[in-house]
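Labels below follow one simple rule: chain letters A, B, ... track the order of the sequence lines, proteins then strands, and each chain is numbered from 1.
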2 protein chains.
Amino acid sequence: MHIIQVEPQVVFQALSDPIRIRIIRLLAETGEEACLCELVDSLLEPQYKLSRHVKVLRQAGLLAAEKDGRWVYHRLVRDVDYLNIAYDLLRALPDSEGLFARDLQNFHNRICLREGGRCRVGIQTASLYAAEGD
Amino acid sequence: MHIIQVEPQVVFQALSDPIRIRIIRLLAETGEEACLCELVDSLLEPQYKLSRHVKVLRQAGLLAAEKDGRWVYHRLVRDVDYLNIAYDLLRALPDSEGLFARDLQNFHNRICLREGGRCRVGIQTASLYAAEGD
DNA sequence: TGCATAGTTGCACAATAACGCATCTATGCA
DNA sequence: TGCATAGATGCGTTATTGTGCAACTATGCA
């Protein structure tokens with residue numbers, strides 16, 4: 001394990017985007033790790049978009065990635081004190097319009113598709129949430 | 001008093017700049033308020049630059065401004081839970097190169113010039129820190 | 001009432017960042 | 001060994017942001 005020295009402003013910059021906030025908040029709230037397709041089905045955003053945002057979060061030191069076959073699991077970096085405070089901050093944010101609650105619900109639904117705790121399918125948005133529109 | 005609803009990413013965006021981090025960190029660490037010229041003498045950055053950065057922080061809901069004669073005092077907004085966590089976060093940041101320690105020292109020196117707890121002078125950088133260079 | 005000064009802001013410019021599209025890589029399975 | 005699929009990325013475009021310079025506003029004092 002290696003700790004990459006990151007300038008503080010890079011961490012805040014990484015969290016200055018709504019989608020990236022939703023990603024980190026989802027993992028902070030659930031304590032889970034998630035592969036990209038699970039994030040796609042939870043946030044209902046294009047795959048290439050989330051792939052880029054996850055990369056930003058990784059380069060900022062907030063996420064660690066672990067490859068498992070075709071899937072790449074992303075989890076929060078927990079061994080930096082001020083990052084844990086950042087996660088607490090995210091969990092303390094208001095959810096005035098219930099947008100985060102929706103992400104959370106979608107994520108829970110998507111987690112149910114795991115087999116042996118591992119994701120075994122790809123993007124399921126079309127079949128799972130087709131009726132939701134949005 | 002009124003609370004302006006601010007989207008979370010705006011707060012992080014406000015803290016995504018090194019100078020703005022230094023401003024908030026200084027006020028969080030000392031518990032003080034500061035007028036603009038005191039910030040100029042503490043951070044050793046141009047006045048127009050800090051004026052703009054302070055404006056960003058104000059619009060993001062992190063700072064409140066109070067005018068007193070020719071001086072404008074800036075203080076942290078304390079009545080929002082997640083902002084207080086943000087201030088804790090800033091105080092937990094490393095100061096690997098001692099840059100923040102310098103800001104803090106300059107600020108303490110500058111506070112000594114107050115009369116009756118109020119700033120009564122303008123920018124003193126030239127006379128106070130002329131020898132420091134940078 | 002005019003001047004010095006604390007602070008703000010319009011403007012132009014350079015750098016950065018988010019996005020959609022399409023394409024590319026890498027891995028498991030038939 | 002070829003195909004389907006999870007994920008990454010190059011490119012061009014557009015929007016945003018930080019900065020320096022200079023000019024501006026607002027306030028206290030002689």
Exercise for the section: Kindly say if A:K55 contacts the phosphate of D:dA8, meaning a side-chain N or O under 4.0 Å from OP1 or OP2. Expected result: no
Exercise for the section: Mind checking A:R120 for me? I need base, sugar-phosphate or nothing, with any heavy atom below 4.0 Å counting as a touch. Expected result: nothing
Exercise for the section: Give a yes/no on whether any side-chain N or O of A:H53 is located under 4.0 angstrom from OP1 or OP2 of C:dC19. Expected result: yes
Practice task
Could you tell me whether the phosphate oxygens of D:dG20, OP1 or OP2, come under 4.0 Å of any side-chain nitrogen or oxygen in B:R52?
Solution key: no
Problem - Nearest-angstrom distance from the residue atom CD of A:Q13 to P of C:dT16 - result: 11 Å
Exercise for the section: Could you pick out which residue, A:C37 or B:D68, lies toward the 5' side of DNA chain D when each is mapped onto its nearest nucleotide? Expected result: A:C37
Completion exercise
Rounded to whole Å, the CZ-C1' distance (B:R58 to C:dG7) equals 10 Å
Exercise for the section: Answer yes or no: does a side-chain N or O of A:K67 lie under 4.0 Å from OP1 or OP2 of C:dT27? Expected result: yes
Completion exercise
A:Q9 atom CD is separated from C:dA15 atom P, nearest whole Å, by 19 Å
Handout entry: Any side-chain heavy-atom pair of A:R78 and A:L83 under 4.5 Å
Key = no
Completion exercise
To the nearest angstrom, the CZ-P distance between A:R118 and C:dG28 comes to 13 Å
Problem - Phosphate contact (C:dA4 OP1 or OP2) by B:R70 side-chain N/O below 4.0 Å - result: no
Handout entry: Nearest-Å distance for atom pair CD/P, residues A:Q47 and C:dG20
Key = 13 Å
Completion exercise
Side-chain atoms of A:K49 come closest, of D:dG7, C:dG20, C:dG7, to C:dG20
Handout entry: Side-chain touch B:L15/B:L90, heavy atoms, less than 4.5 angstrom
Key = yes
Exercise for the section: Give a yes/no on whether any side-chain N or O of B:S51 is located under 4.0 angstrom from OP1 or OP2 of C:dG7. Expected result: no
Practice task
May I have the distance from B:E45 (atom CD) to D:dC21 (atom C1'), rounded to whole angstrom?
Solution key: 16 Å
Problem - B:R118 charged N/C atom sitting above B:Y73 aromatic ring, 6.0 Å / 45° - result: yes
Problem - Side chains of A:N109 and A:Q105 in contact at under 4.5 Å (non-hydrogen atoms) - result: yes
Handout entry: Along DNA chain C (nearest heavy atom to each residue), the more 5'-positioned of A:D17 and B:C35
Key = B:C35
Practice task
Would you mind reporting whether B:Y87 and B:R25 have side-chain heavy atoms less than 4.5 Å apart?
Solution key: no
Handout entry: Sugar-phosphate only, base, or nothing, as touched by A:V121 at under 4.0 Å among non-hydrogen atoms
Key = sugar-phosphate
Handout entry: Counterpart base for C:dA30, defined by Watson-Crick or G-U wobble contacts under 3.5 Å
Key = D:dT1
Problem - B:L50 CG - C:dT8 P separation (whole Å) - result: 10 Å
Handout entry: Any strand: nucleotide that pairs with D:dG7 via Watson-Crick or wobble, under 3.5 Å
Key = C:dC24
Fill in the blank from the handout: Walking DNA chain C from its 5' end, the first of A:W71 and A:P46 to be reached, judged by nearest nucleotide, is A:P46
Handout entry: Between C1' of C:dG7 and CD of B:Q124, the distance in whole Å
Key = 16 Å
Exercise for the section: State plainly whether one hydrophobic cluster holds both B:I19 and B:I123, where clusters connect Ile, Leu, Val, Met, Phe, Trp and Tyr through side-chain heavy atoms under 4.5 angstrom apart. Expected result: yes
Practice task
Would you indicate, yes or no, if C:dC19 has its OP1 or OP2 atom less than 4.0 angstrom from a side-chain nitrogen or oxygen of A:Y48?
Solution key: no
